[in-house]
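Sequence lines set the chain letters: A, B, ... in the order given, protein chains first and strands last, and positions in each chain run from 1.
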There are 2 protein chains.
Amino acid sequence: MLKTRGNMKPTANAPAFQPLYRQIKSLITQSLVTGEWRPGEPIPSEIELAGRFSVSQGTVRKAIGELAGENLLVRQQGKGTFVASHSEERSQFPYLRISPDRGALDSLAATLIDCRKVKLDSASAKKLDLASGAGAFLITRVLSISGRNAVYEEVRLPATRFRGLTVETIERHHCMLYSMYESEFEVRILHVDEQIKAVAAEGAATRHLGITKGAPLLTIERVAYTYADKPVELRRSFCNTREHHYRNRIV
Amino acid sequence: MLKTRGNMKPTANAPAFQPLYRQIKSLITQSLVTGEWRPGEPIPSEIELAGRFSVSQGTVRKAIGELAGENLLVRQQGKGTFVASHSEERSQFPYLRISPDRGALDSLAATLIDCRKVKLDSASAKKLDLASGAGAFLITRVLSISGRNAVYEEVRLPATRFRGLTVETIERHHCMLYSMYESEFEVRILHVDEQIKAVAAEGAATRHLGITKGAPLLTIERVAYTYADKPVELRRSFCNTREHHYRNRIV
DNA sequence: GAGTGGTCTAGACCACTCA
DNA sequence: GAGTGGTCTAGACCACTCA
């Protein structure tokens with residue numbers, strides 16, 4: 001079917017050789033992007049895919065293995081392979097790196113403050129790959145971690161991708177944004193980049209976290225990406241680290 | 001040889017089944033821990049290992065693949081498989097997450113301030129799995145990133161593992177600590193855990209970074225681990241984030 | 001051209017899930 | 001017991017490195 005094995009017309013300074021399993025990987029990714037298989041649903045079995053693509057099960061396995069490594073698919077022995085979903089992950093908040101200093105993260109609650117339409121300033125627009133002045137939703141909320149108000153967040157979403165977003169939509173999902181993006185807007189977050197700084201508290205953050213102006217505050221500026229490294233969310237978090245911290249493991 | 005295939009005496013509430021390739025992985029790891037193969041050196045070829053362990057090349061490949069995924073081994077097509085080494089990694093500072101806000105990280109210099117013996121307080125000792133009052137080396141230094149003094153660090157190392165450490169040893173390695181641990185003390189850092197907070201600047205950090213007392217400062221408390229999740233370094237970094245930030249990608 | 005890791009196959013069998 | 005993913009093999013051939 002595809003099967004163009006080995007070296008395929010190497011262009012001037014280009015990569016050339018693409019192994020078969022990577023071509024299969026691309027085909028599977030396509031089906032994920034187009035929504036042929038949706039978050040939470042099983043994809044066809046390895047044997048069925050091998051038949052469909054006219055390759056061996058081992059080649060399909062290798063393609064699926066890489067996609068599972070990238071957290072796009074989840075394999076379950078005996079059951080099947082499923083499209084990863086933010087509504088089903090063991091951690092409801094896989095990208096939340098704030099933990100209490102003592103004890104485990106035993107509870108997490110989000111309080112929505114506001115959701116309204118704004119125009120993006122040029123810096124924000126650039127980070128979202130949009131033109132300056134483009135329309136966006138601005139969501140503000142407070143996260144309470146283990147019973148303490150610890151984080152104040154401003155989330156910006158491109159108006160075009162999130163058309164029709166309302167306070168009710170957000171609250172229906174109990175403020176679990178990435179799960180909401182997925183099920184309501186077919187926007188699947190695949191990875192996030194964060195830049196972290198220590199700043200002196202001011203403005204809305206002081207009010208909502210109940211801290212004094214000038215107190216040290218951790219800021220996290222996040223850009224969240226979907227398929228093809230397309231940025232689809234901009235988030236600025238202000239975190240009171242008196243009793244919490246940002247945790248990270250590097251291997 | 002080992003070859004006890006399939007389910008091997010499942011104990012009461014225990015994991016049971018260990019696939020062959022994981023046994024091979026353990027054997028290879030053993031050779032890394034004991035130093036049979038040393039950082040930077042090649043390990044035997046897949047075919048040779050397959051013969052030695054009486055398994056197929058595919059099984060060896062799977063074991064090596066996991067170890068490469070954990071950054072313990074590095075594969076190079078056509079050349080061989082090598083023991084990963086901090087002296088050879090593409091980035092000389094794989095665990096340094098501080099970047100300048102504008103422009104790339106174009107230069108990095110460390111200035112050693114001091115290295116002396118201290119006794120560990122109980123909190124530090126606990127993090128290093130040692131008894132309170134245990135001897136340690138305390139290294140203090142300043143990192144200059146793209147020409148700006150951005151980080152002041154205090155590094156604590158257990159005296160027993162780092163016997164004979166001197167200022168000269170550190171300077172001989174141009175302050176590249178993890179490379180020094182590896183080549184001088186056979187201590188290989190495999191992963192680090194970090195806790196990050198925003199605090200008000202005080203003490204030595206204000207002096208060495210030239211900032212005023214009370215200014216917001218990012219602190220990174222790091223525990224670095226070697227084989228078997230054994231902690232071997234404790235590091236507290238104080239980072240001026242006026243023109244720099246801590247970057248993180250979460251997938 | 002010899003030696004390395006990388007890909008791919010076909011086939012056997014295993015562990016696990018679920019009805 | 002049927003169906004899934006997981007392991008393992010033996011063997012063929014490919015891409016890459018280095019002398």
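The separation between Gln57(B) atom CD and dT9(D) atom C1' is 11 Å, rounded to whole Å. In this structure, Leu20(B) places its CG atom 11 Å from C1' of dT9(D), rounding to the nearest Å. Summarising the geometry, the separation between CD on Glu48(A) and P on dT4(D) is reported as 8 Å, rounded to the nearest angstrom. The NZ-C1' distance, from Lys25(B) to dT7(D), rounds to 15 Å in whole Å. We find that CZ of Arg22(B) is positioned 14 Å from C1' of dA15(C), with the value rounded to whole Å. To the nearest angstrom, P of dT7(C) lies 17 Å from CD1 of Ile64(A). Whole-Å rounding puts the Glu41(A) CD to dT4(D) C1' distance at 18 Å. The CD atom of Glu66(A) sits 12 Å away from the C1' atom of dT7(C) (whole-angstrom rounding).
Positionally, the nearest nucleotide of DNA chain C for Gly58(A) lies more toward the 5' end than for the other of Gly58(A) and Gln77(A).
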**Request:** Give the intermediate values and the outcome of ring pair (Phe, Tyr, Trp, His ring centres under 6.0 Å) for residues Phe162(A) and Phe137(A).
**Result:** CA-CA 8 Å; Phe162(A) 291 86; Phe137(A) 290 100; 7.6 Å; no
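Taking the side chain of Thr59(B) as heavy atoms from C-beta on, and the options dC8(C), dT4(D), dC8(D), the nearest nucleotide is dC8(D). Closest to the side chain of Tyr21(A), from the set dC8(C), dG5(D), dG5(C), is dC8(C). For Pro19(B), the side-chain atoms get nearest to dC8(D) when compared with the rest of dG5(C), dC8(C), dC8(D). Closest approach to the Arg75(A) side chain among dA10(C), dG6(C), dG6(D) is made by dG6(D) (side chain taken as heavy atoms from C-beta onward).
For Glu186(A), the CD atom is loosely surrounded, since the number of other residues' heavy atoms within 6.0 Å does not exceed 12.
In this structure, Glu153(A) does not pair ionically with Arg222(A), as no charged nitrogen and carboxylate oxygen lie closer than 4.0 Å. Under 4.0 Å is where a charged nitrogen must lie from a carboxylate oxygen, and between Glu46(A) and Arg75(A) at least one such pair does.
Contact check, Lys62(B) against dT7(D): a side-chain N or O comes under 4.0 Å of OP1 or OP2. Contact annotation: Lys79(B) side-chain N/O to dC16(D) OP1/OP2 distance is not under 4.0 Å. Taking only side-chain nitrogens and oxygens, Arg61(B) never comes nearer than 4.0 Å to OP1 or OP2 of dG5(C). Taking only side-chain nitrogens and oxygens, Thr81(B) comes nearer than 4.0 Å to OP1 or OP2 of dG5(C).
Checking dA10(C) for Watson-Crick or G-U wobble geometry (two distances, each under 3.5 Å) identifies dT9(D) as its partner. Using the Watson-Crick or G-U wobble rule with both distances under 3.5 Å, dG3(C) pairs with dC16(D).
Using the six-membered ring where Trp is involved, Tyr225(B) and His191(B) have ring planes that are parallel, under 30° apart on the 30 and 60° scheme.
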